[in-house]
Amino acid sequence: MCRSSSRSPSRTGGRPRSAAADAAILEATRAALVELGWSKLTMGDVAGRAGVAKTTLYRRWAGKNELVVDAVAVLFDELELPDRGSLLADIEGVVVQFAALLERPETKTALMAVIAESTRDEPLRERIRISIVERQKRLVLAGRQRAQARGELPDSPASATGTDDLIFDVIAGAVVHRALVSAEPVDAEWVRRFTALLLGGLAAAAQA
């Protein structure tokens, strides 16, 4: 899976990067986080688990913060927008995928760790925004375009960007809060009620 340049330092020379090595490093980072926690995680520990030299990590990432964000970002890249025939069903499909992803120990631990650390690290917060939040807004954009093609939503390009941002915030905020903060199940009934509420708001906004 391709990754944008925002997720790791650019290189101007030397041997080409290995996708397999990157994947092993990011997997090792997530495993170390689950086992050790943020405070005990070190670049040396990750290098040992991944079977690479510590200098290899520093050629790719400036430090632990950047490495952990990228380790989380690749997990969120697994999310896809299913085509289930209607906007309601598509949203339900994404919410179910998202909740399942948050249930994985490596996702839960890594996400909570970088969010907590970012409260006192502005560059880390910006990296989270670029590498995770902005990239996953692709799902909302794709969902809106598909719904417009079906005639389920009006074509309103003038306000689309702001609306897409708001929809993303509502979905991400509700699911993260339910799964990680309240620690309540994101079951079929909750997903159904949440999606109905979201679509009701979209319909009201379209008529405003």
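Under the 4.5 Å side-chain heavy-atom criterion for Ile, Leu, Val, Met, Phe, Trp and Tyr, Phe76 and Leu141 are members of distinct hydrophobic clusters. In terms of hydrophobic clustering, with Ile, Leu, Val, Met, Phe, Trp and Tyr side chains grouped at heavy-atom distances under 4.5 Å, Ile167 and Leu88 are assigned to a common cluster. Leu199 and Val140 end up in the same hydrophobic cluster when Ile, Leu, Val, Met, Phe, Trp and Tyr side chains are linked at under 4.5 Å. Residue Val69 is grouped with residue Leu180 when hydrophobic side chains (ILVMFWY) are merged at heavy-atom distances under 4.5 angstrom, including chains of intermediate members. Under a hydrophobic-cluster definition in which Ile, Leu, Val, Met, Phe, Trp and Tyr are linked whenever side-chain heavy atoms come within less than 4.5 Å, directly or via other members, Leu197 and Ile91 are assigned to different clusters.
Applying the side chain to side chain donor-acceptor pair (under 3.5 Å) criterion to Asp83, with sequence neighbours excluded, gives Arg150. By the side chain to side chain donor-acceptor pair (under 3.5 Å) test, Asp45 is found to be paired with Arg49, residues two or more places apart in sequence or in another chain being considered. Residues forming a side chain to side chain donor-acceptor pair (under 3.5 Å) with Arg129 (at least two apart in sequence, or on another chain): Glu126, Glu134. Among residues two or more places apart in sequence or in another chain, the side chain to side chain donor-acceptor pair (under 3.5 Å) test is passed with Thr56 by Arg59.
For the residue pair Ala113 and Leu33, the shortest heavy atom distance occurs at CB-CD2, 4.4 Å.
One distance of note links CG of Leu67 with CG of Leu26; it measures 6.5 Å at 0.5 Å rounding. Annotation: the span from Gln136 atom CD to Leu139 atom CG amounts to 5.5 Å, rounded to 0.5 Å. Here the CG atom belonging to Leu75 is positioned 9.5 Å from the CG atom belonging to Leu111, to the nearest 0.5 angstrom.
Of the possible donor and acceptor atoms, one in the side chain of Glu66 sits under 3.5 Å from a partner among the backbone N and O of Gly63. Looking only at distances, no side-chain donor or acceptor of Arg146 sits under 3.5 Å from a matching main-chain atom of Leu87. Checking side-chain atoms of Gln97 against main-chain N and O of Glu80 turns up a donor-acceptor pair under 3.5 Å. Between the side chain of Arg135 and the backbone N or O of Ser131, at least one donor-acceptor pair lies under 3.5 Å.
Residues Gln148 and Pro154 have side chains not in contact (no heavy-atom distance under 4.5 Å, counting atoms from C-beta outward). Between Met43 and Val46 the shortest side-chain heavy-atom distance does not fall below 4.5 Å. Side-chain contact between Phe168 and Thr163 is absent, with no heavy-atom pair separated by less than 4.5 Å. You'll find the side chain of Glu92 stays beyond 4.5 Å of the side chain of Pro82, heavy atoms only. Within the 4.5 Å cutoff, side-chain heavy atoms of Phe98 are placed close to those of Val176. Contact check for Val170 versus Phe194: side-chain heavy atoms found under the 4.5 Å cut-off. Two residues are said to be in side-chain contact when any heavy atoms from C-beta on lie closer than 4.5 Å; Val74 and Arg30 meet this criterion. Considering only heavy atoms from C-beta on, Leu41 comes within 4.5 Å of Val68 through its side chain.
For the side-chain hydrogen bond (donor to acceptor under 3.5 Å, both in side chains) condition, the pairs that include at least one residue of residues 112-121, sequence neighbours left out, are Trp38-Glu117, Asn65-Asp121, Glu117-Arg120. The salt bridge (Lys or Arg N to Asp or Glu O under 4.0 Å) analysis of residues 101-113, with sequence neighbours excluded, yields the pairs Glu78-Arg104, Arg104-Glu106.
Within a 6.0 Å sphere centred on CD of Glu27, heavy atoms belonging to other residues, nucleotides or ligands number 12 at most. Around atom CD of Glu184, more than 12 heavy atoms belonging to other residues, nucleotides or ligands sit under 6.0 Å away.
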Evaluation steps, side chain to side chain contact (heavy atoms under 4.5 Å, CB included), between Val96 and Val186: CA-CA 8 Å; Val96 168; Val186 183; over 6 Å; no
Step-by-step side chain to side chain contact (heavy atoms under 4.5 Å, CB included) determination, Leu79 to Val94: CA-CA 7 Å; Leu79 294 174; Val94 170; 5.8 Å; no
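Among Arg138, Arg144, Lys137, the one residue that satisfies the side-chain hydrogen bond (donor to acceptor under 3.5 Å, both in side chains) test with Asp164 is Arg144.
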